[in-house]
Amino acid sequence: GTQRVQISNDGSGWLGASDKLFWDASGNLTVAGAVTADSVAAENIVAGTITGSTLQTASAGGQRVIIQADTNDIAFVGNRGDGTYELLCTIGITQDGSDYILGDFGTINSTRIAVRGTSLSSTALWGHSINGLGLYARSTAYYAAYLRGNSTYAALHFWNETANPTSAAA
């Protein structure tokens, strides 16, 4: 008959056919074709493309990053500032009522800064809209926006495309 298995003295070998399922003396397993499993435990996965419905960096209950194919977004779960872990950021198209949101940062329970921009010599945070608001800020208990300039630059600069710019110190 046809040989179906080979195990060499060094521990290497193959099963079925020498080019379908084989392993070397170091324990590296090579499979030609698809592998189906309910669960895989591995310290390091090296792959060109990983395809699936959800990829997350840790199981539920702690800090993790979740990439979801069905919603086409990436979500970040972290400590909101009081030891409780919750969804703090999503990037991808999500809908809130009639609004479509590309990035959602922070929660009503978070004590962290939701968005921060820092730059040495350029604009740190910039909002632009062709037909809507470039920046919308709202607070129910504190300043909606806190702006601070220095002796050289105004904290707030108003610009209207059809009029001259004006500045106001905050």
Side-chain angles (χ1 to χ4, degrees), residues 1-139 145:
T2 304
Q3 183 178 356
R4 303 270 183 219
V5 65
Q6 177 178 318
I7 300 176
S8 301
N9 290 336
D10 64 0
S12 64
W14 53 268
L15 182 63
S18 62
D19 62 343
K20 302 297 180 199
L21 176 72
F22 55 95
W23 59 93
D24 63 22
S26 298
N28 298 308
L29 177 67
T30 302
V31 178
V35 175
T36 302
D38 291 333
S39 177
V40 175
E43 289 294 319
N44 186 17
I45 297 175
V46 178
T49 300
I50 298 175
T51 304
S53 59
T54 301
L55 174 66
Q56 68 181 29
T57 58
S59 60
Q63 181 171 310
R64 62 195 179 279
V65 177
I66 307 163
I67 301 172
Q68 301 178 101
D70 60 337
T71 56
N72 195 28
D73 67 12
I74 184 168
F76 301 86
V77 175
N79 183 337
R80 68 182 190 193
D82 64 358
T84 301
Y85 289 87
E86 69 180 13
L87 180 64
L88 295 178
C89 170
T90 58
I91 298 173
I93 301 172
T94 57
Q95 188 171 0
D96 185 3
S98 62
D99 295 325
Y100 288 92
I101 301 166
L102 299 178
D104 197 0
F105 303 89
T107 69
I108 61 170
N109 298 313
S110 178
T111 60
R112 308 283 190 198
I113 294 172
V115 176
R116 180 175 114 172
T118 304
S119 175
L120 172 65
S121 60
S122 189
T123 303
L125 187 60
W126 183 67
H128 177 87
S129 175
I130 300 299
N131 295 312
L133 297 172
L135 177 64
Y136 174 79
R138 177 178 174 228
S139 175

Please walk me through it: do Leu88 and Ser110 pass side chain to side chain contact (heavy atoms under 4.5 Å, CB included)? CA-CA 8 Å; Leu88 295 178; Ser110 178; 4.1 Å; yes
Any side-chain heavy-atom pair from Gln63 and Tyr85 closer than 4.5 angstrom? yes
Quick one: OG on Ser12 to CD on Gln6, what's the gap to the nearest 0.5 Å? 7.0 Å
Arg64 CZ to Leu55 CG distance, which is reported to the nearest 0.5 Å: 13.0 Å
Arg80 side, atom CZ; Ile108 side, atom CD1 - distance, nearest 0.5 Å: 9.0 Å
Assess, by modelled atom type and distance only, whether the side chains of Thr107 and Glu86 contain a donor and an acceptor separated by less than 3.5 Å. yes
Work out which heavy atom in Ala69 is nearest to a heavy atom in Gly52; give both atom names and the distance. CB-O, 3.4 Å
Is any side-chain heavy atom of Val115 less than 4.5 Å from a side-chain heavy atom of Leu125? yes
Kindly check if the number of other-residue, nucleotide or ligand heavy atoms within 6.0 Å of CD1 (Ile50) is above 12? yes
Is a donor from one side chain sitting under 3.5 angstrom from an acceptor on the other, for Ser26 and Asn28? no
Verdict with reasoning, Ile74 to Val65, per side chain to side chain contact (heavy atoms under 4.5 Å, CB included): CA-CA 7 Å; Ile74 184 168; Val65 177; 3.8 Å; yes
What is the minimum heavy-atom distance between Asp19 and Ala32, and which atoms define it? O-CB, 3.5 Å
Take atom CD1 of Ile93 as the centre, draw a 6.0 Å sphere, and report whether it contains more than 12 heavy atoms from other residues, nucleotides or ligands. no
Heavy-atom side-chain contact between Gln56 and Val77 under 4.5 Å: no
Would you say the side chain of Ile91 lies within less than 4.5 Å of the side chain of Phe76, judging by non-hydrogen atoms? yes
Using side chain to side chain contact (heavy atoms under 4.5 Å, CB included), reason through Leu29 and Phe22 one step at a time and then give a plain yes or no. CA-CA 6 Å; Leu29 177 67; Phe22 55 95; over 6 Å; no
Does a side-chain heavy-atom distance below 4.5 Å link Trp23 with Ile7? yes
Looking at Asp99, is its backbone amide N or carbonyl O close enough to the side chain of Asp96 to form a donor-acceptor pair, meaning the two atoms are under 3.5 Å apart? no
To the nearest 0.5 Å, tell me how far Thr57 OG1 sits from Ile67 CD1. 9.0 Å
Give, for atom OG of Ser119 and atom CH2 of Trp126, the distance between the pair rounded to the nearest 0.5 Å. 14.0 Å
Whether Thr94 side chain and Leu102 backbone form a donor-acceptor pair below 3.5 Å: no
Mark yes or no for whether Gln95, through its side chain, and Gly97, through its backbone, hold a donor-acceptor pair below 3.5 Å. yes
Dump the intermediate steps for side chain to side chain contact (heavy atoms under 4.5 Å, CB included) on Trp14 and Arg4, then the final yes or no. CA-CA 8 Å; Trp14 53 268; Arg4 303 270 183 219; 5.6 Å; no
Gln68 (side chain) donor-acceptor with Asp70 (main chain) under 3.5 angstrom: no
Can you name the nearest heavy-atom pair linking Gly81 to Asn79, along with the distance? N-OD1, 2.7 Å
Neighbour count above 12 (heavy atom, 6.0 Å) for Asn72 CG: no
Spacing of CG belonging to Leu87 relative to CG belonging to Asn109, to within rounding of 0.5 Å: 12.0 Å
